[in-house]
Amino acid sequence: MTQQINWGIIGCGDVTEVKSGPAFNKIAQSKLVAVMRRNADKAADYARRHGVPKWYADADELINDPEVNAIYIATPPNTHAAYTLAALQAGKPVYVEKPMALNAAEARQMSDYAIEKNVKLCVAHYRRMQPMFLKIKSLVDTGAIGDIRFIQLHLLQGLSANLIARSEDNWRTNPALSGGGLFHDLAPHQIDIMLYLFGAVKQYSGVAFNQSQTSQADDLVSGSILFENGALFNGVWCFAVSEQDAVDTCTIYGSRGTIRFGFFGQKVWVTVDGQTELLEFELLQHVEQPMIERVVSYFLDEGENPCNGAIGTEVMEIIDAFAGNNTSGLDL
């Protein structure tokens, strides 16, 4: 395709300040050359602070900039599909933030169109490329805790959850913009890692409720996934518990022991035959950088797609089923 990926960001908001934006200039054969935000003053300010040569207030202008040869979409999910389709139509590969879209139908449209146009598409399920989750995958794949029996996840947060990137307006709890609530913002990380660790899915189901009535979005979700290999995942997400009851824990149970960790922490406890080892990982300065490195390699035809549209669509199908938005999953 080219010898350098020249990135344009659509949606240079808070999520791009540290998590992703600076990483594009820290990777070989990668450069951030343009950013877009509907507020022109804020787009110009971002470009000035981050040393980006160009800024736009119109997404089409950025997409059609001849210097830009790859697009990173970091807007709220309600615009992911439209911007992705426009970029693919222009023949420019796309790296789109999670959740991939408002729902599985949009995600499937994006994935199918990328195939139709023969243009590359990657989904920002970036935890799968971080050292901690690569280690967990290695432990699972090598049978460190024996045969996998089941996985139990609890993500419990108060009404002011501190796990999300801050934004000027709370769009994450507006289903019209986000697809749902904080579940839709945070669960893609966890569901994708389950697919990454345990492979093909046999069936899944879930339920969702709006218990606190503090927004239009459901704040309690419970779901189960049965994998083809026999492993069973059970997850509970609640965003209306008391602050002192906040929990972020996932435990993988095997025939010889357990692997326990938090999705938003840097520690992993591995217990085998009654002996526990603590593994600690450094907090990455830019959490998406390992994933962006793999995306750049893929766009340069030097590596495989680290997370394609089909995977992103499957994650959205499970999210929709857990949240009661479709019936594609089978009852367990």
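One is the number of the first residue; the rest follow in order along the sequence. All values reported here derive from a predicted model rather than from experimental measurement.
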Side chain to side chain contact (heavy atoms under 4.5 Å, CB included), that's the test. Do Glu17 and Tyr46 meet it? Break it down for me.
CA-CA 8 Å; Glu17 288 286 350; Tyr46 186 99; 3.5 Å; yes
Between [X] and [Y], is any side-chain donor less than 3.5 angstrom from a side-chain acceptor?
X      : Y      : answer
Trp237 : Gln190 : yes
Tyr83  : Thr75  : no
Glu116 : Asn118 : no
Lys26  : His286 : yes
Ser138 : Asp141 : no
Tyr95  : Glu288 : yes
Gln89  : Tyr113 : yes

Where do [X] and [Y] come nearest, in terms of heavy atoms and distance?
X      : Y      : result
Ala240 : Ser212 : CB-CB, 3.9 Å
Gln4   : Ser30  : CG-N, 4.2 Å
Val68  : Trp7   : CG1-C, 4.3 Å
Ala86  : Ile63  : CB-CD1, 3.8 Å
Gly199 : Phe227 : O-CD2, 3.5 Å
Ala28  : Val296 : O-CG1, 3.9 Å

Result for side-chain contact (heavy atoms from CB on, under 4.5 Å) between Tyr72 and one of Val96, Ile292, Thr16 points to Thr16
Worksheet entry | Tyr126 ring center within less than 6.0 Å of His189 ring center | yes
Is it the case that the ring center of Phe198 lies less than 6.0 angstrom away from the ring center of Phe233? no
Does any non-hydrogen side-chain atom of [Y] lie less than 4.5 Å from one of [X]?
X      : Y      : answer
Val123 : Val315 : no
His80  : Leu102 : no
His125 : Pro306 : no
Val94  : Lys120 : no
Leu121 : Met100 : yes
Ile151 : Cys250 : yes
Thr251 : Trp269 : no
Asp218 : Phe239 : no

Within 45 degrees of the ring normal and closer than 6.0 Å to the centroid, is that where the cationic atom of Lys137 sits relative to Tyr196?
yes
With sequence neighbours excluded, residues passing side-chain contact (heavy atoms from CB on, under 4.5 Å) with [X]:
X      : result
Pro53  : none
Asp112 : Arg108
Thr173 : Asn170, Leu182, Ser215
Ile145 : Ile148, Ile252, Ile259, Val270, Val272

Step through the shown structure and confirm whether more than 12 heavy atoms of other residues, nucleotides or ligands are within 6.0 Å of [atom1] on [X].
X      : atom1 : answer
Gln213 : CD    : yes
Lys54  : NZ    : yes
Glu302 : CD    : yes

As an exercise, state the distance from [atom1] of [X] to [atom2] of [Y], rounded to the nearest 0.5 Å.
X      : Y      : atom1 : atom2 : value
Ile136 : Leu279 : CD1   : CG    : 9.0 Å
Asp248 : Leu155 : CG    : CG    : 5.5 Å
Leu278 : Arg260 : CG    : CZ    : 9.0 Å
Asp320 : Tyr204 : CG    : OH    : 8.5 Å
Met36  : Ile73  : CE    : CD1   : 11.0 Å
His184 : Asn103 : NE2   : CG    : 8.5 Å

Please determine if [X] and [Y] form a salt bridge, counting it only when a charged side-chain N lies under 4.0 Å from a carboxylate O.
X     : Y      : result
Arg48 : Asp45  : yes
Lys98 : Asp185 : yes
Asp65 : Lys92  : no

Can Val52 and Val33 be said to form a side chain to side chain contact (heavy atoms under 4.5 Å, CB included), step by step? CA-CA 6 Å; Val52 181; Val33 300; 5.8 Å; no
Besides Val236, the hydrophobic cluster formed by Ile, Leu, Val, Met, Phe, Trp and Tyr side chains linked at under 4.5 Å, directly or via other members, contains Leu156, Val207, Phe209, Leu220, Val241, Val247
Residue pairs passing the side-chain hydrogen bond (donor to acceptor under 3.5 Å, both in side chains) test with at least one member in residues 145-154, sequence neighbours excluded, are none
Has [X] got a side-chain atom pairing as donor or acceptor with [Y]'s backbone, closer than 3.5 angstrom?
X      : Y      : answer
Asp219 : Gln211 : yes
Gln29  : Gln3   : yes
Thr313 : Gly309 : yes

### Message
Show, in sequence, the C-alpha distance, side-chain angles and deciding distance for Val268 and Lys135, and conclude whether the side chain to side chain contact (heavy atoms under 4.5 Å, CB included) test is met.
### Response
CA-CA 9 Å; Val268 178; Lys135 179 61 177 179; over 6 Å; no
Decide whether Phe264 and Phe261 are clustered together by the hydrophobic rule: side chain heavy atoms of Ile, Leu, Val, Met, Phe, Trp, Tyr closer than 4.5 Å, transitively.
yes
State plainly whether one hydrophobic cluster holds both Val18 and Val35, where clusters connect Ile, Leu, Val, Met, Phe, Trp and Tyr through side-chain heavy atoms under 4.5 angstrom apart. no
Apply salt bridge (Lys or Arg N to Asp or Glu O under 4.0 Å) to Arg128 and Asp192, showing your working.
-> CA-CA 8 Å; Arg128 57 171 53 206; Asp192 174 67; 2.7 Å; yes
On the 0 to 90° scale, with breaks at 30° and 60°, tag the Tyr253-Phe150 ring pair as parallel, tilted or perpendicular. parallel
Check the pair Val295 / Asn305 against side chain to side chain contact (heavy atoms under 4.5 Å, CB included), numbers first and verdict last. CA-CA 7 Å; Val295 172; Asn305 191 335; over 6 Å; no
